[in-house]
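These notes concern the structure reproduced below.
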Amino acid sequence: MAPSFRIVADAPKADLFVVPVFTGARPGPGADLVDDAVGGTLAEFVRETEFDGKRGEVLAVPTGGRLRARSVLLLGVGDQETFDAAAIRRTSAVLAKRAAHAATVATTLLDAVAPDVDRALAAQAFAEGVSLGRYQFLRYKSDAKASELARVLVVTKPDAKVRAGLARGARIAEAVLWARDLINEPAAAKSPADVAELAKGIARTSGLKAKVYAGEQLVRARMGGVLGVGNGSDRPPRFLRLEYAPANAKGTLALVGKGVVFDSGGLSLKTAGGMETMKTDMSGAAAVIAAMSTLRDLGVKSRVIAYVPLVENMPSGAAMRPGDVLTMRNGKTVEVLNTDAEGRLILADALSLASEEGADAIIDLATLTGAVTMALGDKIAGLMGTDDAWIAQVSEAAERAGERMWHLPLPEDYRRNLDSEIADLRNISSGGGAGTLTAGLFLKEFTGDAPWVHLDIAGTARASSEDAETSKGGTGYGVRTLVELASTFRKP
Ligand code: BES
Ligand code: MN
Ligand code: ZN
């Protein structure tokens, strides 16, 4: 359960009181209360422990029961000038991890942000950081010790912007956690049909229209990529379409997410090690569905449509073979030379449909290439796209949401590496490296005239260690950017 947030004017009764301290051990807001409780010896105590107030540094202070809080924690926040929304998101995640044994935490942290930072954005980032930092996936742990943190009391001057920011941050974090849970779930427990059913349930409670294509419907919809990849699995594919349509919507944004519930590579089988984390190959789909679930609650004004192909990529007697040719929804033919390059095949159908239905702009999220991890690591996604204004809009939304991405090129002259001897395209490059860019160039063939951005999240979707608001395992990367993008969407 995510914690609740409440604004209080004075330091209240709590299990833990967290006070920010700036670089150079300069006391932040609320430190005076602690100093009073320890008879004016706080500065001396801090000096002796060599606590400097570096961002993320923590120091417990014994107060001998002279404060309304049971215990006190000093939390380093670094220099105030650079303590912005991204920094408070990270720092409050540290706070949440340290507060795992406190049911109620009170903190003055929000008042430590740089004065030029918007209070609503800071409050949102604070709530996100606490909820995300607290996350653990414990479903399959029999001796699970869940975090006890249930209530967060934000000690600050009551203000409508802060209240709205906290509520928004808590709602967005809830969606990110939902995505993480689904990504961390073993593949056996999330067939394409299961994910589609789950999404239908979400649609019912979130004011979305849902349509799920299965079997013959996929054939009639000419989803050659989805059918081709899905054929090797005993668990048949689905195609999910979710629609959020508020009255008097100004424009239509299309979200596309890669939903490979397990990627064995198919007949171009991966190694054992390469398969270990492939239950997370539906992270794009999870991010898109999670983002859709928030739109009504957050009062989004634009129409938003999600296109989510759901498949399992498996080897079998029925699996597509290297050398087979698939015909995609937009009529283009693809020679499949490597069945492990499956993401682009299912995205081809989804992008075709999104552009056909007249989206004003498209963004897709996909764990598409191992190569993007070589280039950018696991904290920065690769961004490619066809329209400078749309690319700028996505980048700015990501910046506000605190998710990192880097613009990569789509070099026209690399397109020839996708020329096939017998079809319109081949699904892997015939040479020349740049695996991430050629995957992008492949997708571009299916986007029609719509401004389009592709995020390769193969690196960022999963983390191998805890890092502030990013959890080990599925990260839910992209949810925050998609929600911000939908909230501020303008036709590019
Ligand atoms: N799902 C993988 C990409 C991936 C790799 C995601 C590692 C996360 C971690 C994708 O379907 C894939 O297999 N891509 C191939 C493409 C190649 C065959 C052209 C890859 O990156 O090796
Ligand atoms: Mn693959
Ligand atoms: Zn894949």
Side-chain angles (χ1 to χ4, degrees), residues 183-184 187 190 192 195 225-226 228-233 237 256-287 308-315 319-324 326 334-350 364-382 384 408 414 417-418 420 425-443 454-464 473-478:
I183 296 163
N184 289 330
K190 53 176 184 194
V195 177
V226 173
V229 177
N231 223 33
S233 174
V256 174
K258 172 178 172 181
V260 178
V261 299
F262 183 71
D263 182 11
S264 70
L267 288 176
S268 312
L269 198 65
K270 286 183 185 294
T271 61
M275 260 183 246
E276 274 179 23
T277 58
M278 283 303 130
K279 68 174 185 183
T280 65
D281 210 19
M282 36 59 75
S283 297
V308 183
L310 294 161
V311 300
E312 178 167 50
N313 188 24
M314 295 291 263
M320 66 177 175
R321 293 156 285 256
D324 282 354
L326 305 175
V334 177
E335 186 185 9
V336 179
L337 290 159
N338 188 319
T339 62
D340 197 11
E342 85 297 342
R344 63 197 74 182
L345 300 175
I346 65 172
L347 291 168
D349 291 334
D364 79 73
L365 279 78
T367 46
L368 207 60
T369 66
V372 80
T373 316
M374 296 297 118
L376 298 173
D378 66 358
K379 297 186 198 307
I380 305 174
M384 287 140 271
L408 302 172
Y414 287 19
N417 295 332
L418 293 173
S420 158
L425 283 158
R426 45 190 283 145
N427 80 326
I428 52 163
S429 174
S430 53
T436 301
L437 311 188
T438 46
L441 284 166
F442 181 96
L443 297 182
H454 160 55
L455 297 182
D456 193 332
I457 61 169
T460 53
R462 211 188 154 276
S464 45
T475 59
Y477 179 95

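Order of appearance sets the numbers: ligands from 1, and atoms from 1 within every ligand.
- Polar contact check, Asp340 against ligand 1: a nitrogen or oxygen pair lies under 3.5 Å apart.
- At least one N/O/S atom of Lys258, whether from backbone or side chain, sits less than 2.8 Å from the Zn ion (ligand 3).
- Using modelled atom types and a 3.5 Å distance limit, the side chains of Thr367 and Ser283 yield no donor-acceptor pair.
- Distances between N or O atoms of Ala371 and those of ligand 1 include no value under 3.5 Å.
- Shortest distance from the Mn ion (ligand 2) to Glu342 is reached at OE1 (N/O/S atoms only).
- On a distance-only criterion, Asp281 and ligand 1 share at least one N/O pair closer than 3.5 Å.
- Angle subtended at the Zn ion (ligand 3) by Asp263 OD2 and Asp281 OD2: 90°, rounded to 10 degrees.
- Inclusion of Asp340 in the first shell of the Zn ion (ligand 3) is not supported: no N, O or S atom falls under 2.8 Å.
- In this structure, the separation between CG on Leu347 and CG on Leu365 is 10.0 Å, given to the nearest 0.5 Å.
- When heavy-atom distances to ligand 1 are checked against a 4.0 Å cut-off, Arg462 has no atom that comes that close, whether in backbone or side chain.
- Taking the Mn ion (ligand 2) as reference, Asp263 places its N/O/S atom OD2 nearest.
- At distances below 3.5 Å, at least one donor-acceptor pair connects side-chain atoms of Lys190 with backbone N or O atoms of Lys279.
- Looking at Gly370, Gly435, Gly265, it is Gly370 that brings a heavy atom closest to atom 20 (C) of ligand 1.
- Here Met282 has no heavy atoms under 4.0 Å from ligand 1, in either its backbone or its side chain.
- Less than 4.0 angstrom separates some heavy atom of Glu342 from each of these atoms of ligand 1: 11 (O).
- Between the CZ atom of Arg462 and the OG1 atom of Thr280 there is a distance of 6.0 Å, given to the nearest 0.5 Å.
- Near Lys258, with a cut-off below 4.0 Å to any heavy atom, the atoms of ligand 1 are 1 (N), 10 (C), 11 (O).
- Which parts of ligand 1 touch Met278 is read off a 4.0 Å heavy-atom cut-off, strictly below it: atoms 1 (N), 4 (C), 5 (C), 6 (C), 7 (C), 8 (C), 9 (C).
- Of all the atoms in ligand 1, the ones that sit under 4.0 Å from a non-hydrogen atom of Ala458 are 6 (C), 8 (C).
- Listed for the Ser264 side chain is a donor-acceptor partner under 3.5 Å among the backbone atoms of Asn313.
- At least one protein heavy atom sits closer than 4.0 Å to atom 11 (O) of ligand 1.
- With a 4.5 Å cut-off on side-chain heavy atoms, His454 and Val256 do not count as touching.
- Nearest-heavy-atom check against atom 14 (N) of ligand 1 across Asp456, Thr280, Leu368, Ile346 picks out Leu368.
- Of the protein's heavy atoms, Arg344 NH2, 4.0 Å lies nearest to atom 16 (C) of ligand 1.
- Between Asn417 and Phe442, the closest side-chain pair of non-hydrogen atoms is not below 4.5 Å.
- A salt bridge is absent between Asp364 and Lys258; no separation between the charged side-chain nitrogens and carboxylate oxygens falls under 4.0 Å.
- Here Lys270 does not pair with Glu276 in a salt bridge; the nearest charged N to carboxylate O distance is not below 4.0 Å.
- In this structure, CG on Asn338 lies 10.5 Å from CG on Leu267, to the nearest 0.5 angstrom.
- Taking only non-hydrogen atoms, the option from Ser283, Ser429, Ser268, Ala341 nearest to atom 17 (C) of ligand 1 is Ala341.
- With ligand atoms numbered from 1 in the order given, ligand 1 contributes 1 (N), 2 (C), 10 (C), 11 (O), 13 (O) to contacts under 4.0 Å with heavy atoms of Asp263.
- Within the set Thr339, Thr367, Thr460, Ile428, the minimum heavy-atom distance to atom 3 (C) of ligand 1 is found for Thr367.
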